[in-house]
Amino acid sequence: MRNIVTFGLVVLGPALAIATFVVLGPLGQGADSTALRLILLADFVYFLLLAGLIMMRLAQIIAAKRARSAGSRLTLRLTGVFAGIALVPTVLVALFAGLTVNIGLEGWFSDRVRSVVGTSLQAAEAYQSEHKQDLVLDVRALAAFLNLRRQASTFMSDGELRELLISGQTRIQRGVKEAYVIDGTGKIVARGDRSYLFDYEEPAPKDLVEAQKGETVLIEDWSNSELRGLIRLNAFVDRYLYISRKVDGKILSLLDQTRETVSLYQQLESARGRVIFEFGLVYFGFALILILAAIWMGLWFAERLSRPIGRLAAAAERIGAGDLDARVIEAEGDDEIATLGHSFNRMTSQLKGQRAALMESHRETEESRRLFDSVLSSVTSGVIGLDAEGRVDFVNRAAMQLLALDPSQVHSQEISKVVPEFTSLYNRLHDSFQEAVQEEIRVSRDARLESLLVRMAVRRNDEGAPEGYVVAFEDVTELVSAQRMAAWGDVARRIAHEIKNPLTPIQLSAERIKRKFSKLTTGEDTEVLESLTGVIVRQTNDLRRIVDEFSRFARMPEPDRADHDLAQLLRDAATLQQDSLHGARLVSNIPDTPVIVELDATMISQAVTNLIKNAGEAIESYVEKGAPDGFEPEVRVAMTATPELVTIQIADNGLGLPPDRARLFEPYVTTRAKGTGLGLPIVKKIIEEHGGTLTLSDAPAFSSGAHHGALAEIRLPRARAAHRAIKERGEPPGDVT
């Protein structure tokens, strides 16, 4: 229905224009005709109807454009193109037609045409005037002759009147075709020469009335080529002279036509502006009708053209938003738009299939990646991935922790900036033809010096081309320390075996020398002898003590485990060491309730006592090196317990830890001049024999801006003893305080 109405309105416009042209042209109805008024009214109604429909449709298109509806902008653009294509030639034709009419009218109303028309009219009027004047003279002269003879003769019969009429007719030089004397009813009274009854044309009553008034009446009969004159004979009673004269009727008929033509010409000349305006208005209306019809047709065509394109655009936006189920209505036919719809639907189907395949592949890849990340994240060794330019593109969790890296600041950074210690190893691998290099590198992080076993290898793609590097490293600080401890244990056993055996004979020999030779010496020699032998005995005892410590370090006995209250052991150790901390204040945070742990009480007590003693000695060393004014030495002992673990923390605000703190657990490594360097190794070994760990780190500042001391943290497992105690007391699992 919409298409039918559209085509009907489009066809109706040219039809009305053609009808208007026909009424104006071939039918010649003129500008004031009813038919033209009706057709112009129909044109006006059509114009209003189509203009209203176009404005309504344009308003809908503009609203759709503001709403960013698909295809609205293309529809508006196409409509503008169609309107422009229809507007320009139509307006040009209308202007050209108006100019042509104006130029044509200028030719019609030129001075030459006006002169010719005026001259023709003047010639015809002169010819007619000449004949009329001659006829008036003739009729008056003959009437005067008859009146004169009637006055001379009192009685005159119709026969005599006829004789007089013939006599007077011959006396007129111009010649009269017919001469009659008639009465007031138009009946013939007397006839002149060559005046026959069958040629007689009775005058009209109105002409008789005019003649009765005394006027000379001229009667024009151009069809018979005659000009007649009628006059009243005053000397007679009810008698009229009625004569005719031969003239050229065609010329005199042309005179009337010329007069009408001149009148019309003058009328048109006076109304030329109005005619031009009317014709221009008609042309303009005709142009508007064609333009509106073209715009309406353009709207229909643009809508039909832009509708599938708009659907394609809307579907493309949906696809861009991720909806691959979007489809367009496929138009019928085999043109490009229909082909485009078919191709678009086929493309979306293929895209949907490809996306499903890609999503499945991505899922598998993501699953593999998660597995890979999970494995790498769970690996205790650090792993760093580098690209071909040596920039970091992957770091696992262990590497972050071992190197104390910030995850947000390592990616896409060069390895020389992220881990400067690895630069030499990277340069060596990059500049050589080797596939992998390995080296032990010492790294300082967070005031800790760690030993890392680093292995760097070239990473290649499936084609074998190098695409980057893989750096794998592991913290071997404990391993190196364990190796050194083992070496020291072996040394200690050898020293104990090689040195301890000669000590007793040396001591006994010195004592025998003292006893034997003291009797043989007197005075100063005796004192020298006693002094020297005393030195030998004392030094021998010192060597024995050192050897005993080596022996204990080398052959530490297995812990004699039993259930003990670790909280009580810790309180006793703190009480014993409270007065030997070189003036430092001891602050304890130990649970009041029993904390049952399966351990060797002697060994754990020795370890805790040694750590508290070391804290006091660190404060003493810090004071000796020059503590700041207002320094308040303090040692803090704290303990927390859970059903699985007991944590003991011993912190001080003393000298602090050296950078290479990992070596403090090695024998004969000490920061004190008077230290033997065996205390911490023995403590570490005791804790490890109990399945626990001992770590050294910087202690938190005891006050704002204060110095950071050392923190020793012991972690001991207590699962079996704690579970057994909880079961005996009937307490639920949880924190034990």
Side-chain angles (χ1 to χ4, degrees), residues 549 552 556-557 559-624 627 631-642 645-656 670 672 674-676 678-690 692-697 699-700 702-703 706 709-718 721-722 725 735-737:
E549 290 180 357
R552 286 196 301 272
M556 186 170 292
D560 185 10
R561 298 176 183 273
D563 290 345
H564 294 279
D565 184 2
L566 183 57
Q568 186 61 43
L569 289 178
L570 192 59
R571 282 194 295 270
D572 293 342
T575 301
L576 291 175
Q577 295 295 323
Q578 188 169 6
D579 296 331
S580 60
L581 296 179
H582 306 282
R585 184 167 64 97
L586 181 65
V587 178
S588 299
N589 185 14
I590 303 171
D592 297 331
T593 57
V595 179
I596 307 302
V597 182
E598 187 179 25
L599 49 78
D600 187 324
T602 302
M603 296 177 70
I604 294 298
S605 179
Q606 177 186 354
V608 172
T609 300
N610 198 353
L611 292 176
I612 296 175
K613 180 181 177 183
N614 286 346
E617 292 174 349
I619 291 175
E620 181 184 8
S621 299
Y622 184 57
V623 173
E624 290 176 354
F631 173 68
E632 297 180 359
E634 184 176 338
V635 177
R636 296 180 180 179
V637 179
M639 176 180 173
T640 58
T642 64
L645 185 69
V646 176
T647 302
I648 300 173
Q649 291 182 339
I650 301 173
D652 64 75
N653 57 353
L655 188 62
T670 180
R672 297 181 65 249
K674 300 178 182 179
T676 61
L678 292 175
L680 283 177
I682 292 174
V683 171
K684 182 175 178 62
K685 197 165 186 179
I686 290 173
I687 299 302
E688 289 178 349
E689 290 292 334
H690 284 77
T693 60
L694 172 63
T695 59
L696 297 178
S697 61
F702 289 178
S703 61
L711 172 64
E713 185 176 79
I714 299 174
R715 293 187 177 186
L716 293 173
R718 56 164 302 198
D735 291 346
V736 179
T737 57

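- A pairwise comparison of heavy atoms in Ile686 and Ala607 identifies CG2-CB, 4.2 Å as the closest pair.
- Heavy atoms only, all atoms of each residue included: Leu586 and Ala574 are closest at CD2-O, 3.3 Å.
- A distance of 9.0 Å separates CG of Asn614 from CD1 of Ile650, quoted to the nearest 0.5 Å.
- In this structure, the side chains of Gln606 and Ile682 come closer than 4.5 Å at one or more pairs of heavy atoms.
- Of all heavy-atom pairs between Val623 and Phe631, the closest is CG2-CE2, 4.0 Å.
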Task: side-chain contact (heavy atoms from CB on, under 4.5 Å) assessment of Val637 paired with Ile612 - done: CA-CA 8 Å; Val637 179; Ile612 296 175; 4.3 Å; yes
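- Residues Ile604 and Leu566 have side chains in contact (heavy-atom distance under 4.5 Å, counting atoms from C-beta outward).
- For Arg571, there are no salt bridge (charged side-chain N to carboxylate O under 4.0 Å, His left out) partners, not counting sequence neighbours.
- Surrounding CD of Gln568 are more than 12 heavy atoms belonging to other residues, nucleotides or ligands, all under 6.0 Å away.
- The minimum heavy-atom distance linking Pro633 with Asn653 is given by the pair CA-OD1, 3.7 Å.
- Val597 approaches Pro717 most closely through the heavy-atom pair CG1-O, 3.9 Å.
- No side-chain heavy atom of Glu632 sits under 4.5 Å from any side-chain heavy atom of Phe702.
- The CG atom of Leu569 sits 9.0 Å away from the CE atom of Met639 when rounded to the nearest 0.5 Å.
- Side-chain atoms of Asp565 never come within 3.5 Å of backbone atoms of Ile596 as a donor-acceptor pair (strictly under, hydrogens ignored).
- Ser588 OG to Gln578 CD: the interatomic distance, rounded to the nearest 0.5 Å, is 7.0 Å.
- For the side chain to side chain contact (heavy atoms under 4.5 Å, CB included) test, residues two or more places apart in sequence or in another chain that qualify with Arg715 are Leu645, Thr647, Thr693, Glu713.
- When side chains are defined from C-beta on, Leu570 counts as touching Ile648, because their heavy atoms get closer than 4.5 Å.
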Open item on the list: Val587 vs Glu634, test: side-chain contact (heavy atoms from CB on, under 4.5 Å). Steps then yes/no.
Closed with: CA-CA 7 Å; Val587 178; Glu634 184 176 338; 3.3 Å; yes
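- Interatomic distance, CG of Asp652 versus CZ of Arg636, reported as 11.0 Å (0.5 Å rounding).
- Between Ala584 and Val635, the closest heavy-atom pair is CB-CG2, 4.3 Å.
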TODO: Output, in order, the C-alpha distance, side-chain angles, deciding distance and verdict of side-chain contact (heavy atoms from CB on, under 4.5 Å) for Ile619 and Leu581.
DONE: CA-CA 8 Å; Ile619 291 175; Leu581 296 179; over 6 Å; no
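- Under the 3.5 Å distance criterion, the side-chain polar atoms of His690 are matched with a main-chain donor or acceptor of Asp600.
- Salt bridge annotation for Lys685-Glu689: absent, with no cationic side-chain nitrogen under 4.0 angstrom from a carboxylate oxygen.
- In this structure, CG on Leu576 lies 6.5 Å from OG1 on Thr609, to the nearest 0.5 angstrom.
- To the nearest 0.5 angstrom, Ile714 atom CD1 is 6.0 Å from Leu694 atom CG.
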